[in-house]
Structure formats: structure tokens, C-alpha cells
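The structure under discussion appears below in the form of C-alpha cells.
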Amino acid sequence: MISLEHVDLWRRTQEEYSYDLKRTIFAVAERRYRPPTKRHVLRDVTFEVDRGEKVGIIGPNGSGKSTTLKVIAGILKPTSGTVRVQGEIAPLIELGAGFDPDLSVVENIAYYGVMLGRSRAEAKASVDGILDFSGLFDHANEPLKALSSGMIARLGFAIATDKRPDILILDEVLSVGDESFRQRSADRLRRLLDERSTVIVVSHDSHFIRAMTERAILLEEGTVVADGPSYQVSTLYESRIAGKVTGEGRTAAHLTAEMIATMEGRVFRGNGTTFNEQKIFIIRSGRKHWIADGGYLGRNGIDYPQDVTFIEGGILEDVPEGEMLL
Amino acid sequence: MGSTVAVPESAPHIEMKAANRWMRYRDLVVINAFRSLKVRYRGSILGIYWSLSNPLLMTLVYTAIFGSAFSTYYGSILNYVLACFAGLAFLNFFSGSTSMALPSIAGNGGLLNKLALPPSIFPVSTIAAATFQLFVGVFPLLAIMAIVTSHDPLNAVALLVPTLAIVLFALGFALAVSALYVYFRDLSYLYELIVFVLWITSPIFYPAALVPAGVRQYLAYNPLAAIIECVRQIVLSGMRPSFHLMGVALLAASIVLAIGASIYASLRKGFMDLI
């Protein structure tokens with residue numbers, strides 16, 4: 001359904017963004033013009049996604065997650081390699097991007113629908129259903145700028161998900177509108193997830209990936225590092241982040257040991273989790289995740305509370321912000 | 001961490017069939033053109049005729065200042081007024097539509113980064129909206145003038161030729177400048193100058209005979225002048241439409257369109273890194 005084969009992408013770097021003619025002419029005249037530098041954004045990315053699969057793409061900022069989505073959606077063309085996509089893609093773009101504030105709600109529905117890939121007739125025919133779902137019948141002929149931002153977000157969601165697409169692309173978590181609309185949009189999303197639609201989700205939040213998908217692909221610096229069951233891949237991602245944060249030759253476990261020695265947080269009970277045949281423990285501090293090997297603590301003679309055991313990596317949702325957990 | 005290797009039974013290309021692609025392109029151009037017309041003329045049916053006010057007012061000003069001085073070249077003040085109006089109407093279409101097309105690709109960068117759209121729909125739909133206005137506003141006026149002077153409906157029909165030429169000409173410019181603007185965001189200052197040069201070198205409010213012969217030979221290379229000359233011949237001369245002038249106008253416009261389209265095509269690859 002979706003296949004990427006040896007996809008490489010080079011892009012001009014950010015510093016080259018603001019180009020102007022005057023400066024370019026002066027630069028050429030003074031012989032200090034240099035051609036724009038390029039950055040290797042995707043390196044030999046190869047994977048396939050089958051019909052109906054729910055796949056998460058995970059990785060740190062700037063690892064090429066969103067770029068990969070753009071390549072799949074046909075927004076960016078790879079420098080080399082092939083991309084094949086079978087079926088209609090519905091990108092759930094930032095809700096409301098592409099609306100015209102001066103057009104009425106009905107006109108926006110027709111306009112946005114066509115921009116998303118429907119024919120004019122289809123877009124017109126969808127107006128009533130979308131007004132109904134978003135609860136905006138009373139505002140149908142008002143200009144969009146008269147609506148609240150919540151209403152606009154509702155409208156965006158209703159249009160984007162009105163027709164069940166073959167492939168749904170999500171680049172952010174949805175939380176829009178009031179409670180009842182949130183409920184309805186969650187229902188609709190779940191239905192899209194349950195049905196035969198292929199779903200690709202991008203996130204740097206490993207919990208979200210675990211909750212939404214069965215399979216995950218880990219990207220780092222534009223390369224596929226891991227591709228497999230989302231539980232394993234997201235755990236690997238967490239451990240790699242922890243490894244990177246420590247830096248300077250110190251391992252995650254070192255740092256964890258230091259943290260435990262100095263911290264004054266609450267301690268939760270748990271049993272750890274197995275990764276690569278090794279028992280690991282996940283600690284969350286604020287928004288960061290740490291990974292530790294319990295045996296390491298003992299080996300390094302770290303003094304930690306005797307009654308501490310560790311909670312399993314997967315159940316960290318209800319952690320209050322800023323609190324340190326084991 | 002094994003990768004999933006499940007090969008789909010068939011994986012046809014992402015490309016649509018040519019016919020579907022064309023229909024999609026047309027739909028996109030139509031809704032974007034509609035959108036800009038609706039936004040501009042919201043709440044007034046007469047709004048579309050507002051586009052006439054600019055050439056009418058400018059004709060008034062030129063006539064007040066140059067009318068009596070140049071009327072001998074044109075036969076009468078009335079002829080000067082008509083020649084001036086016909087020229088200004090076309091020129092106004094060109095400068096208005098292309099300067100709106102100039103920032104249209106860069107300005108829609110947000111959308112282009114979220115949806116797979118052909119970027120050219122933005123300059124093309126700008127020209128389409130302006131063309132619609134031209135046909136509703138200026139064209140009927142000029143067609144009536146053509147019938148009154150020539151007593152021949154053929155002249156009104158022939159007026160379609162230079163109109164088509166100015167549309168193709170503007171389209172070529174729109175494609176080129178909207179693509180260049182993605183790379184050079186200070187292009188609008190230079191473009192104002194280019195439009196001014198085209199404008200002053202097209203004999204619109206002055207008789208071409210005033211220009212020294214040495215300079216005049218170069219004015220012949222201004223395609224806009226050729227198109228305006230063709231309009232005037234059809235609308236004002238009272239004679240049958242000149243095939244020669246129509247041919248020159250269409251040819252000049254087609255060349256400009258071909259150049260504009262190839263500039264666009266060669267710059268297109270780099271767009272997405274810059275917007």
C-alpha cells in the first residue's frame with residue numbers, strides 16, 4: 001500500500017531561507033557567492049506499510065519524521081529512491097490551516113474539501129453532513145472570522161475526516177472543542193483506526209505511539225534505526241534518548257544512579273520490564289524519560305531506598321509534571 | 001527489531017491518470033479563482049465593475065492633461081479618449097493580475113507544505129480571476145465600441161484574439177515572476193520597475209509618432225505594445241480586423257508564455273526548500 005525504497009532526500013539548509021536578489025547580485029559581484037549548502041535529511045529510508053496497518057513514526061526532533069510524512073503525502077519529492085502509494089491519502093493537517101476567514105462556513109467547506117482532494121461536486125455534496133457533525137448549522141452563512149477558534153477547529157476536523165480515506169496521516173494529537181465534540185471526534189478517530197484505513201502517526205511521545213499503533217519505526221538523523229512492534233521500538237527510543245542526554249561517556253545507568261542518590265521524589269513500586277533480555281526500569285523526570293538497569297545500581301554501590309522496586313515502562317501516564325518516579 | 005517485509009500484491013504508482021489530473025487541476029484553479037473574486041467583491045454585485053474605475057479615472061486624467069495636445073494625432077479628443085481607455089484597460093489587466101500573482105506561491109507556502117498541490121494553481125487562478133473580470137467588465141465595452149466604429153459584428157468577435165493574447169502574456173509573466181519570487185523576496189521592487197518600463201514603452205497615452213525613430217524601432221519589441229495596437233486596430237479603426245496584427249499579438253504572447261512556463265518549470269524543483 002505504501003512503500004519507500006532507498007529514499008534519500010537532500011534539502012537546502014535553513015540559513016539559506018531568506019534570499020534576496022539585491023544581496024545575491026552583490027555577492028556575485030564581490031565574488032563571495034557560494035551555492036546553497038544542502039543537508040542530508042533522509043538517508044536510505046526503506047519500509048513498507050500494508051493496507052490497514054497502524055504505524056507510528058517516532059524519533060527526536062529533527063530526525064526526519066515529518067519529512068517522511070511529507071514524502072509519503074507527495075509534498076516532497078525524494079532526491080533518489082522510489083515512493084509508491086496506493087490509495088487516497090487524507091492528511092489531517094493542522095486544523096483550520098487553509099481556511100479563508102472572509103469566506104462563509106459553507107464556502108469554506110466547499111473550498112477546503114477540494115483542496116483536500118475531492119471534486120467540486122463531492123465537496124458541495126458533503127456540506128450538510130459536515131455542518132451537522134460540527135454543529136455549525138446556525139452559523140452556515142457567517143464568515144469564518146465570526147466563529148470562535150474552537151468552532152473553526154471543529155470544522156477542520158469534520159471536513160478532514162468526513163470521507164473515510166484509505167490512508168490517514170496524523171501529525172499531532174487531537175484535542176479540540178468542548179467535551180461532547182471531543183468525545184465525538186475521538187469516536188470518529190477510533191472508527192477510522194478500527195476500520196481498514198491505513199494510519200500513519202508521527203510523534204515524539206512514546207506513550208501515544210504505544211497506545212495508537214502496533215508497529216513503530218524509529219528514525220534518527222534521517223535513518224531508520226528500528227522497525228518493529230511499537231512497544232519494543234518506543235522503549236528503545238526512550239533508552240536512546242536517555243543515553244544521549246547523559247553525554248560525555250556517562251551511561252544512562254550512571255546518571256540514573258546519581259539521580260537516585262540525590263533525589264527526593266516519590267517512589268513507586270513496579271516490576272521493571274524486559275528489554276533485550278535485560279531488566280530495565282524507566283524513570284520519568286518532568287518530560288524526560290530515563291532508563292536504568294536495576295543491577296547496575298547495586299554494582300555501583302548506590303545507596304537507594306531499600307523498599308524500592310520499579311514500575312513497568314508502559315504505565316507512566318498518570319505522572320504529575322515535575323515529579324520524579326522510579 | 002526485524003523489519004516488516006510484506007509485499008503488497010500490487011503497488012501502482014501514486015500518479016493519477018492524465019485525465020483525472022487535469023480535472024483536479026481545473027477544480028483547484030476554479031475554486032481558488034472563485035475564492036479571490038468572492039473575497040474581493042463580497043456584498044456588492046456591482047463590485048466586479050469596480051475594476052473599470054481604474055482605467056476610466058486614468059483615462060480622464062490623461063485626457064485632461066494630454067488630450068488637447070495630442071488630439072491632432074488621433075483625429076479628435078474622443079478618439080484620444082477611446083484609444084487611451086482601450087490601452088489602459090488592457091494594461092491595467094496585465095499589471096494588476098501579474099502583481100497579484102507575484103507573491104502567490106510564496107504566500108501559500110503554508111498550504112503547499114501540508115497538501116500535495118501543484119504550486120502553479122496559485123498564479124494560474126489569479127490570472128483566471130482577473131480574466132473573468134476582464135470579460136465581465138472591459139470586454140463588453142470594447143466590443144460595443146468595435147461594433148459602433150466598424151458596423152461589423154466580426155470586429156467584436158475578432159476582439160477575442162488580442163484578449164486571448166493578453167491573457168497568455170499575463171500568464172507567462174505570472175508563472176515566471178511567482179516562481180522567481182520564491183527565490184528572491186525583494187523582487188516586488190524590481191517588478192514595479194519592469195511593469196513601469198512595459199507601461200511607458202507601450203504608446204498608450206501618447207502617439208507613437210512622438211518617439212524619436214531611433215528609439216521607436218526598439219519599442220516594436222515590446223509585446224504589450226503589439227497587443228494594444230491590435231486592440232486599437234479592431235476597436236477604433238473602423239476597418240476589418242488585421243490578420244497581421246492579430247498574428248503578431250498572438251505569436252508574441254505565446255513566446256512570452258513559453259518562456260514564462262519554462263522559467264517556472266526550471267525553478268519548480270527548489271520551491272519546497274524555500275517556502
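So that the names make sense, note that chain A is the first sequence line, chain B the second, and so on, each numbered from 1.
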Contacting region of A:K70 [heavy-atom separation from chain B under 4.5 Å]: side chain

Plane angle bin for B:Y191 and B:F173 - parallel if under 30°, tilted between 30 and 60°, otherwise perpendicular: tilted

Contacting region of B:L187 [heavy-atom separation from chain A under 4.5 Å]: side chain

Partner set under side-chain contact (heavy atoms from CB on, under 4.5 Å) for A:S63, not counting sequence neighbours: A:P60, A:K65, A:L219

Those residues that, when tested against A:E122, pass salt bridge (charged side-chain N to carboxylate O under 4.0 Å, His left out) (two or more places apart): A:K163

Side chain / backbone / both / neither for B:N108 at chain A, heavy atoms under 4.5 Å: neither

Single hit among A:I152, A:I159, A:L144 for side chain to side chain contact (heavy atoms under 4.5 Å, CB included) with A:N108: A:L144

Interchain contact, A:L76 with chain B, by part (heavy-atom threshold 4.5 Å): side chain

Portion of B:L190 that has a non-hydrogen atom of chain A nearer than 4.5 angstrom: side chain

Any donor-acceptor N or O pair under 3.5 Å, side chains A:Y112, A:D100: no

